[in-house]
Each structure stands twice: as C-alpha cells, then as structure tokens.
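Okay, structure first, notes after.
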There are 2 protein chains.
Amino acid sequence: MPAWEVLPDQLPPVAAVQKLLRVLADPVRLEMVRRLAAHPAAEAPCSDLYDGLNKSTATHHFKILVEAGILHPVMVGPSRGHRLRRASLQEAVPGLLDALMGALARET
Amino acid sequence: MPAWEVLPDQLPPVAAVQKLLRVLADPVRLEMVRRLAAHPAAEAPCSDLYDGLNKSTATHHFKILVEAGILHPVMVGPSRGHRLRRASLQEAVPGLLDALMGALARET
DNA sequence: CTCGAAGTACGATCCAGATCAAACTTACCA
DNA sequence: TGGTAAGTTTGATCTGGATCGTACTTCGAG
C-alpha cells in the first residue's frame with residue numbers, strides 16, 4: 001500500500017492539526033520523526049528509524065506517518081526509506097516541527 | 001484532587017514533549033485549550049470549555065490537563081474555572097502553543 | 001535460478017484511556 | 001433551612017490502536 005517511490009504530487013495532503021497530534025503522540029513515531037529530523041538530508045532507510053521493534057509493527061507506524069502526510073516513502077540508496085516532508089509540514093502548521101524538535105533536543 | 005485555587009508555585013511542572021502531545025491529542029482537550037487560548041485573559045469557567053459532554057468526563061479531562069502543566073485551576077468570578085499557563089508552556093516548548101493555535105484558527 | 005535480507009499483509013491479542021451513570025460534596029441564594 | 005446548580009468521585013463498560021507471530025512478497029547478490 002505504501003506504493004514505493006510515489007511522486008511528490010500524489011502524496012496525501014498533510015493531515016489536520018488534530019490528526020497530526022494523534023499521530024505524533026506515539027513514542028515510536030515521534031522517535032522516528034526525531035531521527036529523520038536529525039539527519040541532514042532528512043531521509044533514512046526504514047531500519048535506521050527504530051530499534052527493538054517487530055518489523056510488522058514498524059510498517060504499521062510508517063503507514064500511519066505516510067498517511068498523515070508527514071513522511072514521503074522513497075528509495076534511499078539500495079533500500080527503502082522515508083524522507084521527512086519538512087516543507088509541507090511547515091506550510092500546514094508553521095513552527096510545529098521546529099518547536100517539537102527543539103524541545104526534544106533540549107530535553108536531553 | 002484539583003485542589004482549588006492552587007498557588008502558582010505549587011503547580012505541577014509542564015510535562016515533557018511526549019506527554020504534552022498525548023494530552024493535546026484528544027479532541028475534547030484540544031478544544032478546551034483552543035477556547036481558553038481564544039479568551040483575552042486566557043481563563044474561563046469550566047462549563048464554558050466544552051459542550052455535549054458528561055460532567056464527569058469533563059472533570060477527567062481537566063485533571064489530565066492540569067497534571068500535564070497546561071492549565072491552572074482558579075476561581076473565575078463566582079465559579080470554578082481554569083487559566084491557560086501560556087508562559088510556562090512557552091518556556092517549556094517555545095512556539096508550540098502558537099503553532100497549534102495558529103493552525104487551528106486557520107483551519108476553521 | 002536460488003538464497004537471504006528487508007518489508008508488507010493479515011489475523012489475533014491486549015490494554016490504556018474515553019465515556020457514562022449514579023451518588024456524593026459544596027456553596028450560593030431565596 | 002432547603003433547594004438547586006456545578007463539580008467530583010467511583011465503578012463499570014467499551015473501543016481504538018499498539019503489538020506480535022506467521023506467512024507472503026520483492027529484489028539484489030552470488
């Protein structure tokens with residue numbers, strides 16, 4: 001269902017604030033986004049974004065993040081991965097990502 | 001348990017990002033915060049902050065918001081109410097509240 | 001053409017937390 | 001003094017969604 005290498009213009013729109021909060025409220029997903037945001041290119045292969053987690057559970061979370069318009073499924077080198085949709089998010093909810101990542105970085 | 005008219009310095013600290021997201025991810029609570037943020041004084045009696053909801057459910061949500069450090073229980077005129085802890089929130093996660101409220105306002 | 005590694009699909013399980021009803025507490029006011 | 005309006009407490013119920021195991025699919029490497 002993730003439809004690998006989706007063209008940027010067929011990506012789902014960024015979800016409403018309400019839904020974004022629900023999606024980001026899960027510790028696993030927040031960590032995935034945090035790790036992506038830390039990367040300079042804001043992209044990474046799937047398995048770099050979690051640990052100690054069943055693969056099917058990871059897939060589940062990726063699907064949710066993609067559907068909410070937060071991640072863009074892409075090929076990263078040889079393997080599948082995701083890119084953080086910074087610009088789209090910034091347009092939908094300006095300042096949200098920066099606020100969250102900033103505070104996370106600050107909290108140890 | 002809300003301990004009415006708590007002194008500002010015995011309020012619980014603002015929760016970590018993770019927990020804040022969990023707390024704000026509920027539609028009922030987000031709406032409560034939205035309404036408070038809309039008020040000029042950022043405070044209002046309990047019953048102004050929700051509708052079509054059982055009172056005990058409302059109490060439940062208020063308790064969670066207070067424990068997360070988002071609301072401050074106060075007397076508003078004759079009746080009980082809450083004040084939004086803008087400054088504390090801004091200090092804990094700068095920009096978060098503004099980002100959320102801005103986007104909510106924009107979404108109609 | 002296999003093999004293996006990486007991801008996905010599906011079904012089953014399990015639990016935090018959202019909700020409500022009912023009984024109780026407060027406090028104001030007539 | 002009630003009476004009533006507003007919140008709280010408690011206990012019970014129910015459901016969304018997080019998790020896992022297993023089986024299936026892809027795809028690159030040898």
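To find a chain, count down the sequence lines: A is the first, B the second, and so on, and within it residues start at 1. Bear in mind that the values here come from a model prediction, so they are computed numbers and not experimental data.
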In this structure, how many angstroms lie between the [atom2] atom of [N] and the [atom1] atom of [X], rounded?
{"X": "Arg29(A)", "N": "dG16(D)", "atom1": "CZ", "atom2": "P", "result": "16 Å"}
{"X": "Asp26(B)", "N": "dG17(D)", "atom1": "CG", "atom2": "C1'", "result": "14 Å"}
{"X": "Asp51(A)", "N": "dA6(C)", "atom1": "CG", "atom2": "P", "result": "14 Å"}
{"X": "Leu24(B)", "N": "dA18(C)", "atom1": "CG", "atom2": "P", "result": "12 Å"}
{"X": "Tyr50(A)", "N": "dT8(C)", "atom1": "OH", "atom2": "C1'", "result": "11 Å"}
{"X": "Lys63(A)", "N": "dG7(C)", "atom1": "NZ", "atom2": "P", "result": "16 Å"}
{"X": "Leu53(B)", "N": "dT19(C)", "atom1": "CG", "atom2": "P", "result": "6 Å"}
{"X": "His82(A)", "N": "dA6(C)", "atom1": "NE2", "atom2": "C1'", "result": "13 Å"}

Would you call [X] and [Y] a side-chain contact if the rule is heavy atoms closer than 4.5 Å?
{"X": "Asp98(B)", "Y": "Gln90(B)", "answer": "yes"}
{"X": "Pro27(A)", "Y": "Arg22(B)", "answer": "yes"}
{"X": "Leu65(A)", "Y": "His82(A)", "answer": "no"}
{"X": "Leu11(A)", "Y": "Pro73(A)", "answer": "yes"}
{"X": "Thr57(A)", "Y": "Val28(A)", "answer": "no"}
{"X": "Leu30(B)", "Y": "Leu104(B)", "answer": "yes"}
{"X": "Met32(B)", "Y": "Leu36(B)", "answer": "no"}

Could you check which residues of residues 32-49 of chain A get a heavy atom under 4.0 Å from DNA chain C? Sort them by number, please.
Cys46(A), Ser47(A)
Could you run through nucleotides 21-30 of chain C and give me one letter per nucleotide, 5' to 3': B if any protein heavy atom sits under 4.0 Å from the base, S if only the sugar-phosphate is that close, - if neither?
B---------
Which residue pairs pass the side chain to side chain donor-acceptor pair (under 3.5 Å) test with at least one member in residues 27-37 of chain B, sequence neighbours excluded?
Arg29(B)-His61(B), Glu31(B)-Arg34(B), Glu31(B)-Arg35(B), Arg35(B)-Asp51(B)
Could you check whether the rings of Phe62(B) and Tyr50(B) sit parallel, tilted or perpendicular, using 30° and 60° as the cut-offs?
perpendicular
Residue whose nearest DNA chain C nucleotide is more 5′ - Arg22(B) or Gly52(B):
Arg22(B)
What nucleic acid atoms does His61(B) come within less than 4.0 Å of, heavy atoms only: base, sugar-phosphate, or nothing?
sugar-phosphate
